[in-house]
Number of protein chains: 2
Amino acid sequence: MRLVVARCEVTYSGRLNAYLPEAIRLLVFKADGSVLVHADSGGYKPLNWMTPPTVIEYGEGMIVVRKRAGRSEDRLEIRLAEVLAEFEHELGEEAGLEKDGVERHLQEALAGRPASVEIGLRLVRREWPTEVGPVDLMCRDARDGWVAVEIKRVGTLEAVEQLSRYLEVLRRDPALAECRGILAAQIVKPQARTLCEARLLGCVEVDLELLRGEREPELTLFTA
Amino acid sequence: MRLVVARCEVTYSGRLNAYLPEAIRLLVFKADGSVLVHADSGGYKPLNWMTPPTVIEYGEGMIVVRKRAGRSEDRLEIRLAEVLAEFEHELGEEAGLEKDGVERHLQEALAGRPASVEIGLRLVRREWPTEVGPVDLMCRDARDGWVAVEIKRVGTLEAVEQLSRYLEVLRRDPALAECRGILAAQIVKPQARTLCEARLLGCVEVDLELLRGEREPELTLFTA
DNA sequence: ACTTAGATTTCGCCG
DNA sequence: CGGCGAAGTCTAAGT
């Protein structure tokens with residue numbers, strides 16, 4: 001990895017055109033060909049960048065990063081006015097990042113405890129196939145009625161639309177004509193909740209850590 | 001801006017939990033409180049990060065970056081096993097990034113030359129309001145018929161659905177009952193084109209630079 | 001403050 | 001390779 005702090009002017013042309021007037025910035029050249037141009041603010045996103053595979057050419061006070069993009073070409077031109085610092089270091093192999101808490105984990109946890117979505121709910125199948133995509137959880141309720149559960153980390157209007165599409169298709173089957181729908185999400189947006197009510201869909205917020213029993217429910221206040 | 005190359009182990013907890021085993025990485029501490037953890041590959045995205053506002057605490061071989069996130073707290077813990085290089089530099093103010101070629105520019109260009117969408121088309125209004133959102137361009141065609149134009153940089157199925165929703169609402173007005181729809185995009189996905197045909201919607205690919213006359217049409221091959 | 005829509009979205013999976 | 005959906009999406013604009 002090569003790090004350069006430089007006063008520079010940057011031009012990108014490709015999917016769009018972008019221009020950065022001369023200023024001091026951090027340039028990062030990664031071993032895999034990635035190039036990042038960072039300012040001293042603005043969070044995690046570079047001002048400009050190019051992802052691999054790239055070809056990097058060094059000229060007179062100029063670095064050109066090129067990349068084939070279909071018929072055309074992406075081009076990042078860095079005009080160096082002044083190099084203030086420069087530094088290179090071997091980093092070696094990256095050990096993989098492990099994530100926990102994404103939608104899939106929520107689905108796994110709810111599949112294991114469907115009753116936490118609604119009392120009496122029993123799982124029939126995960127990823128129940130339909131023409132318009134798989135239903136996350138297909139269940140039966142306490143009275144043996146069918147229930148389709150759509151799981152999201154954040155429950156938005158779009159999630160309600162998705163659940164509605166599933167139900168529309170499912171209910172064409174006479175056996176599933178009475179199928180209900182429930183949106184289960186860690187966070188349910190107010191508008192999504194409203195639309196659920198309007199469409200007679202269920203809607204519950206679930207807590208992954210609670211589900212897993214890693215954290216006790218905060219309902220035990222007066223039990224002692 | 002402070003740059004650190006270090007063998008380190010990183011743990012994030014917040015909206016999800018993530019763990020990075022010990023390896024050599026680049027740590028970037030920006031002036032605004034942003035913290036990035038980069039590997040020597042993987043494009044422009046950091047392995048882990050925290051956006052401002054943050055609080056950074058330095059302990060024994062340990063850096064903790066914290067951030068209030070509603071009721072809870074986001075936390076990035078960097079356990080430093082070995083600092084291999086360290087470096088700090090003032091960067092000063094960032095001169096603003098200028099972009100050109102995003103959807104808004106395409107809309108501006110097409111508003112100025114609606115005939116490039118379809119011969120004879122004349123603009124009536126940009127951002128024509130409907131209950132389900134504004135129609136990008138509302139036009140009349142050569143025969144004075146109404147035409148709603150939806151503009152996208154990339155024309156996907158979603159864009160066709162959006163245009164369809166507009167038309168459904170517009171056509172409720174008897175004056176607009178015959179309103180046609182056209183999807184105009186720099187890139188039209190094959191499936192979107194197919195759906196347009198099925199729904200009797202128009203569908204054109206447009207070239208921003210051509211529109212602006214910055215580039216000549218490539219039609220002059222045999223004119224000499 | 002909240003919601004919506006765009007993004008050089010990126011990224012990964014699956015056909 | 002394209003299509004589809006998730007993302008700690010982020011970010012800016014409108015309300």
Side-chain angles (χ1 to χ4, degrees), chain A residues 10-19 34-37 42-52 65 67 69-70 72-76 97 99-107 127 132-134 136 150-154 156-159 161-162 185-187 189-192 194 208, chain B residues 10-19 34-37 42-52 65 67 69-70 72-76 97 99-107 127 129 132-134 136 150-154 156-159 162 185-187 189-195 208:
Chain A
V10 184
T11 305
Y12 165 75
S13 61
R15 280 181 276 190
L16 55 63
N17 298 302
Y19 173 68
S34 308
V35 178
L36 319 183
V37 180
Y44 85 114
K45 198 172 181 181
L47 295 162
N48 261 318
W49 70 93
M50 190 92 75
T51 48
V65 185
K67 178 181 183 174
S72 183
E73 182 187 69
D74 276 18
R75 174 180 282 255
L76 191 63
L97 173 65
K99 290 186 182 180
D100 176 42
V102 297
E103 183 183 306
R104 185 168 44 83
H105 300 118
L106 190 56
Q107 188 189 125
E127 304 286 346
V132 289
D136 287 331
E150 173 62 29
I151 298 167
K152 282 279 183 285
R153 223 176 55 75
V154 181
T156 62
L157 283 178
E158 180 135 333
E161 296 287 7
Q162 191 177 343
Q186 286 190 283
I187 300 162
K189 295 283 182 182
Q191 291 202 353
T194 304
L208 183 56
Chain B
V10 185
T11 305
Y12 165 75
S13 61
R15 279 181 275 190
L16 55 64
N17 299 302
Y19 172 69
S34 308
V35 178
L36 319 182
V37 180
Y44 86 111
K45 200 172 182 183
L47 295 162
N48 261 318
W49 69 93
M50 191 90 78
T51 49
V65 185
K67 178 180 184 177
S72 183
E73 183 186 68
D74 276 18
R75 175 180 280 253
L76 191 63
L97 173 64
K99 290 185 183 181
D100 177 43
V102 297
E103 186 184 303
R104 184 168 46 83
H105 301 117
L106 190 56
Q107 188 188 127
E127 305 286 346
V132 289
D136 287 332
E150 173 61 30
I151 298 167
K152 282 278 183 287
R153 220 179 61 76
V154 180
T156 62
L157 283 179
E158 181 113 351
Q162 191 177 342
Q186 285 190 285
I187 300 162
K189 295 283 182 182
Q191 291 201 353
R193 183 178 299 278
T194 303
L195 187 59
L208 184 57

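Scope of the values below: all heavy atoms of this structure, side chains included, with no hydrogens, waters or symmetry mates. Naming: A, B, ... by sequence-line order, numbering from 1 per chain.
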Do [X] and [Y] touch side chain to side chain, with heavy atoms closer than 4.5 Å?
X: B/Lys152; Y: B/Glu158; value: no
X: B/Leu47; Y: B/Val10; value: no
X: B/Tyr12; Y: B/Asp74; value: yes

What is the distance, rounded to the nearest whole Å, between atom [atom1] of [X] and atom [atom2] of [N]?
X: B/Leu106; N: C/dA7; atom1: CG; atom2: C1'; value: 14 Å
X: B/Gln107; N: D/dA13; atom1: CD; atom2: P; value: 15 Å
X: A/Asp136; N: D/dA6; atom1: CG; atom2: P; value: 8 Å
X: B/Arg15; N: D/dA7; atom1: CZ; atom2: P; value: 11 Å
X: A/Leu16; N: C/dG6; atom1: CG; atom2: C1'; value: 12 Å
X: A/Glu127; N: D/dA6; atom1: CD; atom2: P; value: 10 Å
X: B/Lys45; N: C/dT10; atom1: NZ; atom2: C1'; value: 6 Å
X: A/Asn48; N: C/dT10; atom1: CG; atom2: P; value: 13 Å

Query raised in the report: Does B/Glu73 CD have over 12 foreign heavy atoms under 6.0 Å away?
Result: yes
Requested in this report: Check whether more than 12 heavy atoms from other residues, nucleotides or ligands sit under 6.0 Å from atom CD of B/Glu127, and answer yes or no.
Outcome: yes
Query raised in the report: Has B/Tyr44 got its ring stacked on the base of C/dT10, with centres under 5.5 Å and planes less than 30° apart?
Result: no
Requested in this report: Could you work out the separation of C/dG6 and D/dA7 based on their C1' atoms and round it to a whole Å?
Outcome: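 Going atom to atom, C1' in each nucleotide, I get 15 Å.
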**Report entry** D/dT11 and C/dC11, which share atom name P, separated by this distance in whole Å
**Finding:** 15 Å
Query - Side chain B/Lys67, main chain B/Thr51, donor-acceptor under 3.5 Å - result: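 Such a contact is found between B/Lys67 side chain and B/Thr51 backbone.
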Report task. Searching all strands shown, indicate the nucleotide that pairs with D/dG8 (Watson-Crick or G-U wobble; both distances under 3.5 Å). Result ->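 Because no pair has both required distances under 3.5 Å, D/dG8 counts as unpaired.
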Report task. Quick one: label B/Tyr12 by what it contacts on the DNA or RNA (base, sugar-phosphate, nothing), any heavy atom closer than 4.0 Å. Result -> base
Requested in this report: Give one of base, sugar-phosphate or nothing for B/Arg104, where a contact means two heavy atoms less than 4.0 Å apart.
Outcome: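 B/Arg104: no heavy atom of the nucleic acid under 4.0 Å.
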[N], OP1 or OP2 - any side-chain N/O from [X] closer than 4.0 Å?
X: B/Lys99; N: C/dT8; answer: yes
X: A/Lys152; N: D/dA6; answer: yes
X: B/Gln191; N: D/dC4; answer: yes
X: A/Lys189; N: C/dC2; answer: no
X: B/Arg75; N: D/dG8; answer: no

Report task. For A/Val154 and for A/Val132, locate the closest nucleotide of DNA chain D by heavy-atom distance; then report the residue assigned to the nucleotide nearer the 5' terminus. Result ->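 Looking at the nearest nucleotide for each, A/Val132 comes out on the 5' side.
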Requested in this report: With DNA chain C as reference, determine whether B/Glu103 or A/Pro190 sits nearer its 5' end, using the nearest nucleotide of each.
Outcome: A/Pro190
